[in-house]
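Bear in mind that the values here come from a model prediction, so they are computed numbers and not experimental data.
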Amino acid sequence: MNLSILIPLLNEEESLNELYNWIIKVMHSHNYSYEIIFLDDGSTDNSWTIIEGFANENPHVKGVRFMKNFGKSQALHAGFAKAQGDVIITMDADLQDSPEEIPGLYDMIVNGKYDLVSGWKKKRYDSVVAKNLPSKLFNWAARKTSGVELNDFNCGLKAYKNIVVKNIEVSGEMHRYIPVLAKNAGFGKIGEKIVQHQARKYGETKFGMERFINGFLDLITIWFLSRFGKRPMHLFGAMGSLMFIIGFMLAGYIGISKLYHMYNDMRYSLVTNNPWFYIALTTMVLGTQLFLAGFLGEIILRTKNNEERYKVSTEVNFL
């Protein structure tokens with residue numbers, strides 16, 4: 001199978017028919033073998049009824065419906081697990097991603113030998129203040145932190161080799177950083193393609209300004225996980241040991257200094273009257289806590305179970 005097209009959605013009943021017909025037109029004009037997987041993230045409108053209609057008339061259309069809204073990352077995780085195509089394309093359901101871009105993305109994966117190709121909406125039709133400027137700042141920070149040179153991390157239109165999606169773990173709200181996850185998993189050939197961005201035709205965006213705050217927090221998380229996720233003791237243990245040694249040496253100096261003054265009949269004060277004693281004590285306590293945090297992190301990594309992060313209500317056209 002050439003293509004798996006994954007479409008996560010939430011309450012997009014108005015755009016689904018137009019999107020479906022547009023994708024089918026592109027598939028037929030290029031003679032692709034394909035599957036379209038709609039990932040309904042707990043829609044409360046008629047989205048799922050429409051998807052079932054597509055599936056009844058076209059066996060290449062499949063659907064996964066969550067019991068409630070679990071988030072775009074969880075929807076993509078479910079879709080990646082189901083996808084069978086040699087190339088996986090992800091796109092949003094709001095018609096802002098053009099299906100006409102699919103052949104170009106497919107060609108870059110198959111003939112350009114890229115592991116992953118991310119769309120770049122160079123010319124956008126969103127609000128400059130509410131979306132464009134925060135997005136530019138967000139993408140700059142993501143480039144500097146991750147080392148992945150992409151201009152638009154948040155573009156939903158991306159293409160992947162099948163092996164890539166089967167070897168990355170998308171959780172939380174990490175869908176923005178799939179290229180970073182791919183790089184950390186060993187897939188280094190990541191490309192970018194300028195794609196057409198269309199103004200939203202129906203409904204309202206499901207994402208507000210809070211997505212940028214969450215995005216920066218996720219960026220910090222993924223930076224930490226990429227470096228110390230498998231070895232928390234290397235960070236916390238090292239910091240804790242260093243702080244404990246500094247505190248211990250400081251306390252030792254205070255104690256030896258008092259003994260020296262006592263032995264030479266010099267004036268001395270109680271150790272507890274010396275502010276450095278409390279600094280040393282605090283440093284040793286913090287060092288011990290950091291060491292224990294690293295130790296507990298190692299234990300959790302070795303004993304954790306992979307629990308389901310979402311609940312599927314219904315599936316259609318999956319064997």
Side-chain angles (χ1 to χ4, degrees), residues 3-20 23 34-85 88-97 154 156-158 160 162 164-178 181 200 202-211 213-215 217-218 221-222 225 300 303-319:
L3 281 165
S4 291
I5 301 173
L6 308 185
I7 306 174
L9 63 109
L10 176 64
N11 296 332
E12 297 287 359
E13 61 180 357
E14 294 175 302
S15 63
L16 286 178
N17 277 293
E18 185 174 341
L19 177 63
Y20 169 72
I23 293 174
Y34 69 94
E35 63 179 359
I36 303 172
I37 304 178
F38 288 96
L39 305 159
D40 186 348
D41 188 21
S43 294
T44 55
D45 61 4
N46 292 319
S47 294
W48 183 250
T49 302
I50 295 171
I51 292 167
E52 286 183 316
F54 297 155
N56 289 334
E57 70 180 37
N58 185 347
H60 299 295
V61 175
K62 303 173 183 180
V64 176
R65 186 186 192 189
F66 287 174
M67 296 183 71
K68 66 172 187 176
N69 177 228
F70 285 96
K72 187 175 181 178
S73 291
Q74 323 319 320
L76 289 175
H77 183 274
F80 288 161
K82 298 284 188 182
Q84 299 177 5
I88 286 79
I89 303 282
T90 61
M91 62 188 306
D92 294 334
D94 55 12
L95 293 174
Q96 290 191 286
D97 295 334
N154 205 42
L157 189 57
K158 291 183 173 67
Y160 314 80
N162 186 287
V164 174
V165 303
K166 301 301 183 185
N167 285 278
I168 57 176
E169 189 76 12
V170 187
S171 60
E173 293 188 23
M174 294 298 182
H175 57 274
R176 302 177 183 88
Y177 303 112
I178 291 179
L181 296 175
R200 190 176 179 91
Y202 305 105
E204 298 178 351
T205 181
K206 309 299 188 300
F207 303 99
M209 286 294 292
E210 70 276 0
R211 75 170 179 164
I213 298 173
N214 294 336
L217 294 175
D218 289 337
T221 300
I222 203 167
L225 291 177
I300 291 170
T303 58
K304 71 173 184 177
N305 295 317
N306 292 321
E307 299 178 355
E308 286 291 332
R309 300 188 299 270
Y310 48 83
K311 300 294 182 182
V312 174
S313 171
T314 315
E315 295 181 356
V316 292
N317 277 357
F318 287 103
L319 299 178

Validate the cation-pi geometry between K311 and F70: distance from NZ or CZ to the six-membered ring centre under 6.0 Å, angle to the ring axis within 45°.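 No cation-pi geometry.
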Would you mind reporting whether [Y] and [X] have side-chain heavy atoms less than 4.5 Å apart?
X	Y	value
I7	L39	no
Y20	I50	no
E35	Q84	yes
V61	F38	yes
I178	Y160	yes
L6	I36	no
I89	L157	yes
L9	D41	no

Quick one: [atom1] on [X] to [atom2] on [Y], what's the gap to the nearest 0.5 Å?
X	Y	atom1	atom2	answer
L181	I168	CG	CD1	6.0 Å
N46	L16	CG	CG	10.5 Å
D94	S15	CG	OG	6.5 Å
N11	W48	CG	CH2	14.0 Å
F80	K166	CZ	NZ	9.5 Å
H175	K158	NE2	NZ	8.5 Å

Can you list the steps and then say if V316 with F54 is a side chain to side chain contact (heavy atoms under 4.5 Å, CB included)? CA-CA 10 Å; V316 292; F54 297 155; over 6 Å; no
For the side chain of [X] and the backbone of [Y], is there at least one donor-acceptor N/O pair under 3.5 Å apart?
X	Y	result
S4	G85	yes
T314	R65	no
D97	M91	no

Before giving the answer on side-chain hydrogen bond (donor to acceptor under 3.5 Å, both in side chains), spell out for E12 and S47 the whole-Å C-alpha distance, their side-chain angles and the decisive distance to 0.1 Å. CA-CA 6 Å; E12 297 287 359; S47 294; over 6 Å; no
Could you give me the CA-CA distance, side-chain angles and deciding distance for K72 and D92, then say whether side chain to side chain contact (heavy atoms under 4.5 Å, CB included) is met? CA-CA 10 Å; K72 187 175 181 178; D92 294 334; 2.8 Å; yes
Which is it for I5 and I23 under the side chain to side chain contact (heavy atoms under 4.5 Å, CB included) test, yes or no, and what are the steps along the way? CA-CA 9 Å; I5 301 173; I23 293 174; 3.6 Å; yes
Minimum heavy-atom distance [X]-[Y], with the two atoms named:
X	Y	result
A83	I88	CB-CG1, 3.7 Å
A75	P8	CB-CB, 4.0 Å
Q74	F66	O-CZ, 3.6 Å

Under the side chain to side chain contact (heavy atoms under 4.5 Å, CB included) rule, what do K82 and E315 come out as? Steps first, then yes or no, please. CA-CA 11 Å; K82 298 284 188 182; E315 295 181 356; 3.1 Å; yes
